[in-house]
Amino acid sequence: MDDITLGLALAGLLLLIGMQRMQVGQTAFPWFAAGLAVAVLAPLTLGGGENQLMLLAALGLGVALALILGLAASMADLAARLALLHGLTGAATALVASLALIERLLEPGLPLGLACLAILLGAFSAAGAAVTHARLANLLPQVWRHISQAGAGILLLAATLGLGVILALGLREGPAWLLLFLSLAAASGLTFTLPLAEREAPLAASLFGSLSGLALALLGTALDLPPLVATGILSAGLTLLLSLHLSHSVQLPLRRLLWGAPPAESEEVPHPAHPLGAEGVAERLRAAREVLLIPGFGCIAAGACSELIELGRHLEARGSRVRLLAHPLAGRLPGQLPLLLREAGAPAEWLIECWPQDADTPEMTLTVGAHDLINPELARPGLPDLRRASSQGHEVILLMKSLAGFSGSINPLLAQPHVHLWQEDARAGLERLNELLRQG
């Protein structure tokens with residue numbers, strides 16, 4: 001066994017230890033970081049040959065870019081930046097494989113076929129991850145779904161595979177055919193990603209990481225570069241395990257991501273029973289003895305966590321009991337919302353991550369951008385049943401920007417007589433509400 005193989009075996013062991021620690025809730029980041037460092041450095045330092053300096057320089061530039069992207073991002077941007085990095089990996093792999101085809105470094109047959117498959121997976125991942133990044137960064141809020149989308153996607157992918165076979169056999173060659181192949185692969189990635197709602201986007205981003213790693217391994221096999229093969233397999237395996245863990249955490253099976261969820265049947269948005277403005281909300285909050293605050297996707301997207309904490313402090317100063325439900329599934333990644341709220345200064349005694357099933361709903365509940373989270377038809381555990389508040393004489397106020405939410409589903413709470421709708425951007429609405437409470 002050579003030194004490179006030993007180094008990669010050590011990297012795999014470190015990554016497996018990190019995965020095991022993550023499963024039991026222990027600190028896993030140092031193990032992941034050490035494993036990835038060994039996986040990258042071992043092949044470059046031990047097997048770089050005469051290109052070693054160039055490879056190390058490229059590694060340095062890549063690490064610098066990752067650090068810039070990471071340091072410039074807040075916790076709210078984490079999922080979007082991860083999607084971007086996965087997309088860059090896929091794009092780089094597709095471009096290197098394309099260069100191998102243009103320079104005719106591979107013979108027609110299996111080597112050329114593996115390179116074509118690497119191009120397909122790399123371009124597919126790059127295009128899909130770009131859409132996922134845009135969606136998670138709130139640059140593309142619209143979910144594009146149509147009844148013919150799944151069939152069109154399958155036909156597009158079949159055409160891409162067919163052209164890949166033609167290129168692999170050497171029946172066609174040249175930049176024009178390669179550009180067409182890249183375009184079809186990227187279009188397949190777009191068709192896959194556009195129907196996905198924001199709740200599905202982080203899981204899709206993780207899967208794109210697996211595909212990018214697989215593309216890297218295939219390219220290494222085609223070029224007979226064992227370090228690329230080992231690094232790609234480690235990357236693909238790790239991100240696949242993370243995808244399975246994330247799928248379980250968010251209660252979203254991986255099969256749901258096949259060409260997106262089916263388009264929902266047209267459903268009339270219920271007319272809100274009691275619309276409210278900021279003044280009406282402030283009046284009710286002043287009179288409430290206990291208030292439960294439930295933030296969701298919209299609160300994070302609007303960057304309104306600090307304003308929500310400020311609201312809680314105003315209410316507590318008036319003598320109200322404040323509780324803050326930081327549900328693990330409310331963020332773009334499991335556990336993201338509790339971290340953001342603590343970062344914004346939420347007192348530990350406010351925070352609840354799971355609402356007890358036998359607990360009564362509070363006198364007043366204010367949800368902030370939590371349209372999908374509190375939807376009783378989605379039946380997520382750890383949330384109060386806000387439909388019961390009606391029989392207990394309690395009130396619920398829904399602060400939301402859109403009546404359809406990120407998923408496009410209709411929330412039946414909107415038609416309940418004890419529910420008040422406050423339609424406003426989360427950050428702007430909370431800023432106005434805090435101003436009213438400061439004034440008395």
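The model shown is predicted, which means the values in this text are computed figures rather than measured ones. Residue numbers start at 1 and run along the sequence shown. The analysis underlying the following values was restricted to heavy atoms, covering all of them including side chains, and did not include hydrogens, waters or symmetry mates.
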Quiz item: Passes side chain to side chain contact (heavy atoms under 4.5 Å, CB included), His371 versus Leu398? Steps please.
Solution: CA-CA 8 Å; His371 181 285; Leu398 309 180; over 6 Å; no
Quiz item: What's the shortest heavy-atom distance between Ser212 and Thr89, and which atoms?
Solution: CB-CG2, 3.9 Å
Practice problem: Dump the intermediate steps for side chain to side chain contact (heavy atoms under 4.5 Å, CB included) on Ile166 and Trp177, then the final yes or no. | Solution: CA-CA 10 Å; Ile166 292 174; Trp177 288 100; 5.9 Å; no
Quiz item: Taking the side chain from Thr239 and the backbone from Ala236, do they hold a donor-acceptor pair closer than 3.5 Å?
Solution: yes
Practice problem: Kindly give the heavy-atom pair with the smallest separation between Ile374 and Leu413, and that separation in Å. | Solution: O-CD1, 3.6 Å
Practice problem: Kindly indicate whether the side chain of Thr367, heavy atoms from C-beta on, has any atom under 4.5 Å from the side chain of Leu373. | Solution: no
Quiz prompt | Qualifying residue for side chain to side chain contact (heavy atoms under 4.5 Å, CB included) with Leu293, from Leu311, Val368, Leu325, Ile309 | solution = Leu311
Practice problem: Taking all non-hydrogen atoms of both residues into account, name the closest pair between Leu112 and Gly170 and its distance. | Solution: CD2-N, 4.5 Å
Exercise. May I ask you to decide if Gly153's main-chain N or O and Thr191's side chain share a donor-acceptor pair within less than 3.5 Å?
Key: no
Quiz item: Could you state the interatomic distance from OG (Ser125) to CG (Leu120), rounded to the nearest 0.5 Å?
Solution: 9.0 Å
Quiz item: Between Arg432 and Glu424, does at least one N-O distance fall below 4.0 Å, as a salt bridge requires?
Solution: no
Quiz prompt | Residue pair Cys116 / Ala168: nearest heavy atoms and the distance that separates them | solution = SG-N, 4.0 Å
Practice problem: Start with the C-alpha gap between Leu178 and Ile119, add the side-chain angles, then the distance that decides, and say whether side chain to side chain contact (heavy atoms under 4.5 Å, CB included) holds. | Solution: CA-CA 9 Å; Leu178 181 58; Ile119 293 174; 3.9 Å; yes
Quiz item: Can you tell me how far the CG atom of Leu399 sits from the CZ atom of Arg427, to the nearest 0.5 Å?
Solution: 14.0 Å
Exercise. Applying side chain to side chain contact (heavy atoms under 4.5 Å, CB included), run through His394 and Leu292 and close with a yes or a no.
Key: CA-CA 11 Å; His394 298 165; Leu292 173 63; over 6 Å; no
Quiz item: What is the distance from atom CG of Leu84 to atom CZ of Phe208, rounded to the nearest 0.5 Å?
Solution: 13.0 Å
Quiz prompt | Least distance between heavy atoms, Ala304 atom then Leu430 atom | solution = O-CD1, 3.9 Å
Exercise. Locate the shortest heavy-atom distance separating Ala215 from Ala118; write the atom from each residue and the value.
Key: O-CB, 3.4 Å
Quiz item: Any side-chain heavy atom of Glu307 within less than 4.5 Å of one from Asn434?
Solution: yes
Exercise. For residues Leu337 and Pro295, determine if any side-chain heavy atom of one lies less than 4.5 Å from a side-chain heavy atom of the other.
Key: yes
Self-check item: Asp425 side chain vs Ala302 backbone, donor-acceptor pair below 3.5 Å
Solution: no
Exercise. Could you tell me whether the side chain of His133 and the main chain of His86 form a donor-acceptor pair under 3.5 Å?
Key: no
Self-check item: Close side-chain approach of Leu351 to Arg342, heavy-atom, < 4.5 Å
Solution: yes
Quiz item: Distance from Leu276 atom CG to Gln423 atom CD, nearest 0.5 Å?
Solution: 12.5 Å
Quiz item: Can you find a pair of side-chain heavy atoms, one from Val419 and one from Leu414, that are under 4.5 Å apart?
Solution: no
Practice problem: Please tell me if the side chains of His327 and Leu383 come closer than 4.5 Å, counting only heavy atoms from C-beta onward. | Solution: yes
Self-check item: Straight-line distance of Leu163 CG to Leu171 CG, nearest 0.5 Å
Solution: 10.5 Å
Exercise. Would you give the length of the straight line joining atom OG1 of Thr160 to atom CZ of Phe181, rounded to the nearest 0.5 angstrom?
Key: 7.0 Å
